[in-house]
Amino acid sequence: MNNSTTFSNNYNVKRMEGFKYIKPLMFVDDEYESDGLMEVKQKITGIIDAYKATGDLINASVYLREYAHNEWMCVNENEKFDPGSLFKVPVLIAILKMAEIHPGFLNKSLTYNKVVNTGKNVAFASKTIKLGQSYTVKELLTYMIKYSDNNATILLEENLEPKILQKLFSDVGLEVPNIYATQYLFTTKEYSYFMRAIYNAGYLSVEDSEFAGELLSQSEFKDGIVKGLPEGTKLAHKFGEAGNQNEKQLHESAIIYLENKPYLLTIMTRGKDNKKLSQFIGEVSQAVYTDMRNQANAAL
């Protein structure tokens with residue numbers, strides 16, 4: 001269970017329950033958006049409006065949290081999306097938590113011997129595990145995050161204790177997922193709890209949080225947030241795609257390690273064309289990076 005308490009100074013504190021003598025701290029949030037991020041919020045809203053006007057975007061939501069002052073803002077906060085492969089991040093966290101409970105689990109060998117038809121049309125495909133071959137859990141995590149491999153993910157999920165994933169959702173303050181459900185919708189703010197849990201090292205051990213961040217930094221996806229950043233910018237990120245023939249969804253969540261002003265950016269979109277959505281994500285990323293860099297320079 002998660003215990004969430006709002007104090008008179010408008011801070012929302014989330015703590016984990018289920019322990020006898022302690023209540024580990026997960027998140028401390030200001031209840032209200034930061035005035036200092038309203039200028040970039042207006043820029044993002046303008047980009048959304050421009051893309052909607054041309055028909056290249058049905059809608060989008062953007063969540064931004066900068067860590068220097070723990071400030072945040074969100075555009076279209078209540079809009080929900082199908083996360084697609086973004087769901088691989090909570091699976092990553094749950095697998096690492098399982099390894100903390102069962103030492104040696106990361107070195108367990110699993111054989112990929114059954115093809116599962118997910119029914120998904122993947123626009124941004126990469127490397128995948130091979131039928132008949134065996135992999136350690138740690139190797140499968142690399143395929144799942146670095147290459148966003150659905151086959152590796154399915155094999156990991158088959159060996160994951162469902163209660164560990166369900167407890168993760170409860171601990172970050174989200175509705176516990178039905179393991180038989182075919183879909184679980186998120187707002188950008190809700191999804192960002194998983195990336196925040198990794199960055200804060202408030203859920204996994206410091207070592208496992210660092211390992212999760214390192215895996216996310218290896219993601220091969222370059223058709224979104226990366227396009228809006230200077231070459232060589234350090235980031236930990238994961239993308240996801242969902243939708244059908246009539247509507248495409250493309251999302252990305254990233255921790256960008258801008259010197260003196262690291263920030264978390266989660267962008268979720270729906271439209272008709274993945275290339276246009278990719279372009280939109282890159283444009284928002286560039287606007288946010290420019291604002292964050294200017295704020296960092298002004299503080300020097």
Side-chain angles (χ1 to χ4, degrees), residues 2-7 10-16 25-45 47-48 57-93 165 168-177 183-200 202-203 216 224-225 235-240 242 249-256 262-270 277 280-281 284-285 287-288 291-292:
N2 172 273
N3 183 31
S4 181
T5 305
T6 302
F7 296 93
N10 298 321
Y11 280 96
N12 193 2
V13 178
K14 287 190 175 72
R15 292 182 178 273
M16 289 171 55
L25 182 65
M26 289 289 292
F27 310 112
V28 179
D29 289 336
D30 195 317
E31 185 178 355
Y32 301 109
E33 293 177 292
S34 167
D35 291 340
L37 298 177
M38 288 304 99
E39 184 175 337
V40 71
K41 181 174 183 175
Q42 289 179 348
K43 290 178 183 177
I44 292 168
T45 301
I47 296 171
I48 291 174
L57 183 72
I58 295 173
N59 208 357
S61 176
V62 178
Y63 176 85
L64 171 64
R65 173 171 291 275
E66 69 88 26
Y67 281 106
H69 304 95
N70 200 34
E71 297 178 330
W72 69 277
M73 75 84 201
C74 192
V75 180
N76 295 327
E77 182 176 342
N78 297 319
E79 189 83 9
K80 286 184 175 282
F81 300 83
D82 181 345
S85 285
L86 283 185
F87 202 87
K88 291 179 170 73
V89 172
V91 172
L92 166 65
I93 296 171
L165 181 66
L168 166 62
F169 276 70
S170 175
D171 286 339
V172 300
L174 298 178
E175 180 183 347
V176 175
Q183 193 178 58
Y184 189 104
L185 303 180
F186 292 97
T187 66
T188 50
K189 187 176 181 181
E190 288 170 341
Y191 180 79
S192 295
Y193 283 133
F194 299 114
M195 299 295 282
R196 294 175 63 191
I198 291 172
Y199 184 80
N200 292 343
Y203 193 74
L216 289 163
I225 286 175
L235 75 161
H237 60 126
K238 185 71 191 77
F239 82 100
Q249 293 191 34
L250 184 64
H251 322 306
E252 192 168 8
S253 187
I255 301 162
I256 295 92
Y263 61 93
L264 167 62
L265 180 63
T266 300
I267 305 170
M268 293 185 170
T269 70
R270 50 168 53 94
L277 297 179
F280 167 81
I281 292 173
V284 170
S285 172
V288 172
D291 188 86
M292 292 293 101

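Numbering of residues begins at 1 and proceeds along the displayed sequence.
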Measuring only between side-chain heavy atoms, which start at C-beta, is H237 closer than 4.5 Å to I225?
no
Please check: side-chain N/O of Y63 versus main-chain N/O of S253, any donor-acceptor pairing under 3.5 Å?
no
Note, L277 side chain near M268 side chain (heavy atom, < 4.5 Å)
no
Restricting to ring-ring contact (aromatic ring centres under 6.0 Å, His included), what partner residues turn up for F194, sequence neighbours left out?
F169, F186, Y191
Gap separating the CD1 atom of I267 from the CG atom of L250, nearest 0.5 angstrom
9.5 Å
Set out, in order, the CA-CA distance, both residues' side-chain angles and the distance that settles side chain to side chain contact (heavy atoms under 4.5 Å, CB included) for I198 and V89, then state yes or no.
CA-CA 9 Å; I198 291 172; V89 172; 4.0 Å; yes
To check you understand the geometry: which heavy-atom pair defines the closest contact between L168 and Y203, and what is its length?
CA-OH, 3.3 Å
Euclidean distance, W72 CH2 relative to N70 CG, rounded to 0.5 Å:
11.5 Å
Does a salt bridge link D29 with K189, judged by any charged N lying under 4.0 Å from a carboxylate O?
no
Note: L165 and P90 closest approach over all heavy atoms is CD1-O, 3.7 Å
When you compare the side chain of D171 with that of M16, does any pair of heavy atoms fall below 4.5 Å?
yes
Test your reading of the model: is there a side-chain donor-acceptor pair from E71 to the backbone of L37, 3.5 Å cut-off?
no
For residues I48 and N76, determine if any side-chain heavy atom of one lies less than 4.5 Å from a side-chain heavy atom of the other.
yes
From I256 CD1 over to L264 CG, what is the distance, rounded to the nearest 0.5 angstrom?
7.5 Å
Would you compute the distance between atom NZ of K238 and atom CE of M195 and round it to the nearest 0.5 angstrom?
10.0 Å
Indicate yes or no: at least one non-hydrogen side-chain atom of D82 is less than 4.5 angstrom from one of L185.
yes
Does V62 reach the side chain of L265, with side-chain heavy atoms less than 4.5 Å apart?
yes
Is it the case that atom CD in E39 sees more than 12 heavy atoms from other parts of the structure closer than 6.0 Å?
no
Other residues, nucleotides and ligands only: do more than 12 of their heavy atoms fall within 6.0 Å of CD on Q183?
yes
Rounded to the nearest 0.5 Å, what separates atom CG in L235 from atom OH in Y263?
8.5 Å
Side-chain touch V172/M26, heavy atoms, less than 4.5 angstrom
yes
Look up atom CD1 in I281 and atom NE2 in H251, then write down how far apart they are to the nearest 0.5 Å.
8.5 Å
For residues E79 and S61, is any side-chain donor paired with an opposing acceptor at under 3.5 Å?
no
I want to check something: taking the side chain as every heavy atom from C-beta on, are T188 and C74 in contact at a cut-off of under 4.5 Å?
yes
